[in-house]
A.B. asks: 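Got a structure for you, written out below as structure tokens; questions coming shortly.
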2 protein chains.
Amino acid sequence: MSTNSRMSVAVHVLAWIAYDRRGTDKEIATSERIATSVNTNPVVIRRALGQLKAAGLVDGSRGRLTGWELTRDAARITLLDVYRAVGEGEVFALPAAPPDAECYVGYGIHDVLAGTYRNAQQALCAELERVTIADVLRDALARYESRSLA
Amino acid sequence: MSTNSRMSVAVHVLAWIAYDRRGTDKEIATSERIATSVNTNPVVIRRALGQLKAAGLVDGSRGRLTGWELTRDAARITLLDVYRAVGEGEVFALPAAPPDAECYVGYGIHDVLAGTYRNAQQALCAELERVTIADVLRDALARYESRSLA
DNA sequence: TTAACATGTAACCGAAGCAGTTACATAGTT
DNA sequence: AACTATGTAACTGCTTCGGTTACATGTTAA
């Protein structure tokens, strides 16, 4: 599929913010710092944060020493929320050109496909809804802890 | 999502071939004729047929007056078969650049995401598997029959 | 055997989307 | 007022897609 990586970036960003750093170095969540963890450019992070902010998942201001915050508990942000926030469209696309409406098959097939795609998409979304940012963070940290057994 | 229309084209092609034209004009299934129904270029159809043939869903030769055929009943070809035949990859992608392995979050997040994506993708595929080409054809024809009520 | 027909495939085009980057105006803090 | 970080525009290189032309190859029918 075509597929961009915005979903992955957005989840990473949220998990990074969700991680409680009060014990460590009191690192404020800036696009710069997050970009280091994601290994990309700060602007890419700002674009992601912009979408997440528009969706009401995070909040932040321009001032110094501010830092981004989640607007609610990480356990209450699902990957479906993120999926919608980053504006991912449909998984399947119909051809731009409409089929031959004179053809027995062509006449209605786009509508039929659209319905089928809707069901498939819904199944996908239902699965995304079962996972939260808290889940992702927990699993990621678990992997970090159990590393270095190599 | 990125999203191409190959899936849609392939399903259209299969439904077109599945439609029994013995009663009508005995139209042989050529890339040219199918292209008319799909409203695209014959080469696009040939590319699709090439993938479907490689997947063993259709068969055809170069000769004249041959025509493409399904290798099995339309009721036994699922949209999941088609999905795999057209080589659609994963719905979600991870960033090309690996995250910062020193970061508590970055270290394991790609693996975590990959697992989640796998589950979501599986849900999608399960839904596609429930629909066959025969289903699509039946529904499309039903729409054709009940048209012109406008 | 030969003419007709249809496929397979390479090659190219324009359009679109994406990630990355630079640059800079703007806004909020200290 | 100085500092800091965001928001955003603009540009780049890369990739993919659908569409198109062109042509060699293979198969059938006459």
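Just so it is clear: chains get the letters A, B, ... in the order the sequence lines come, proteins before strands, and each one is counted from 1.
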A.B. asks: Using whole Å, report how far NZ of K53(B) lies from C1' of dT9(C).
C.D. replies: 13 Å
A.B. asks: Please determine whether a side-chain nitrogen or oxygen atom of W68(A) lies at a distance below 4.0 Å from atom OP1 or OP2 of dT6(D).
C.D. replies: yes
A.B. asks: From CG of N4(B) over to C1' of dT15(D), roughly how many Å is that when rounded to an integer?
C.D. replies: 13 Å
A.B. asks: Just the table, please: protein N/O against nucleotides 25-29 of chain C N/O, every pair under 3.5 Å.
C.D. replies:
| residue | atom | partner | partner atom | Å |
| --- | --- | --- | --- | --- |
| dT26(C) | O2 | R62(A) | NH1 | 2.6 |

A.B. asks: Return the value, rounded to whole Å, for the distance between atom CG of L94(B) and atom C1' of dA19(C).
C.D. replies: 15 Å
A.B. asks: Expressed in angstrom and rounded to an integer, what is the separation of I17(B) atom CD1 from dT7(C) atom P?
C.D. replies: 10 Å
A.B. asks: Listed by chain and number, what are the salt bridge (Lys or Arg N to Asp or Glu O under 4.0 Å) partners of R64(B), not counting sequence neighbours?
C.D. replies: none
A.B. asks: Would you list the pairs meeting side chain to side chain donor-acceptor pair (under 3.5 Å) in which at least one residue belongs to residues 44-54 of chain B, sequence neighbours left out?
C.D. replies: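 Applying side chain to side chain donor-acceptor pair (under 3.5 Å) to every pair that reaches into residues 44-54 of chain B, excluding sequence neighbours, yields S31(B)-R46(B).
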A.B. asks: Pairs in or reaching into residues 116-139 of chain B: which pass ring-ring contact (aromatic ring centres under 6.0 Å, His included), with residues at least two apart or in two chains?
C.D. replies: F92(B)-Y117(B)
A.B. asks: Any side-chain heavy atom of V9(A) sitting closer than 4.5 Å to one from I45(A)?
C.D. replies: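 Yes, side chains in contact.
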A.B. asks: Under the salt bridge (Lys or Arg N to Asp or Glu O under 4.0 Å) rule, collect the residues that match up with R143(B), sequence neighbours excluded.
C.D. replies: D111(A)
A.B. asks: By nearest heavy atom, map S31(B) and S5(A) onto DNA chain C; which one lands nearer the 5' end?
C.D. replies: S31(B)
A.B. asks: Could I get the full list of salt bridge (Lys or Arg N to Asp or Glu O under 4.0 Å) partners for R118(B), not counting sequence neighbours?
C.D. replies: none
A.B. asks: Could you check how far CG of L52(B) sits from P of dT7(C), rounded to whole Å?
C.D. replies: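 Rounded to the whole Å, the gap is 14 Å.
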A.B. asks: Rounded to the Å, how far apart are E69(B) CD and dT7(C) C1'?
C.D. replies: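 Distance check: E69(B) CD to dT7(C) C1' gives 15 Å.
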A.B. asks: Roughly, in whole Å, what's the span from CD1 in I28(B) to C1' in dA6(C)?
C.D. replies: 11 Å
A.B. asks: Name all residues meeting the side-chain hydrogen bond (donor to acceptor under 3.5 Å, both in side chains) criterion together with D139(B); count only those two or more places apart in sequence or in a different chain, and write none if there are none.
C.D. replies: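 For D139(B), no residue satisfies side-chain hydrogen bond (donor to acceptor under 3.5 Å, both in side chains) once neighbours in sequence are set aside.
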A.B. asks: With the threshold set at under 4.0 Å for non-hydrogen atoms, list the residues of residues 41-49 of chain B touching DNA chain D in residue-number order.
C.D. replies: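 Residues of residues 41-49 of chain B that come under 4.0 Å of DNA chain D are, in numerical order, N41(B), V43(B), V44(B), R47(B).
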A.B. asks: Applying salt bridge (Lys or Arg N to Asp or Glu O under 4.0 Å), name anything that partners R76(A), two or more places apart in sequence or on another chain.
C.D. replies: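 Scan of R76(A) (salt bridge (Lys or Arg N to Asp or Glu O under 4.0 Å), adjacent residues dropped) gives none.
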A.B. asks: What's the CD-C1' distance between E32(B) and dC5(C), to the nearest Å?
C.D. replies: 11 Å
A.B. asks: Are Y104(A) and L70(B) connected into the same hydrophobic cluster when the rule is that any two of I, L, V, M, F, W, Y join if their side-chain heavy atoms are below 4.5 Å apart?
C.D. replies: yes
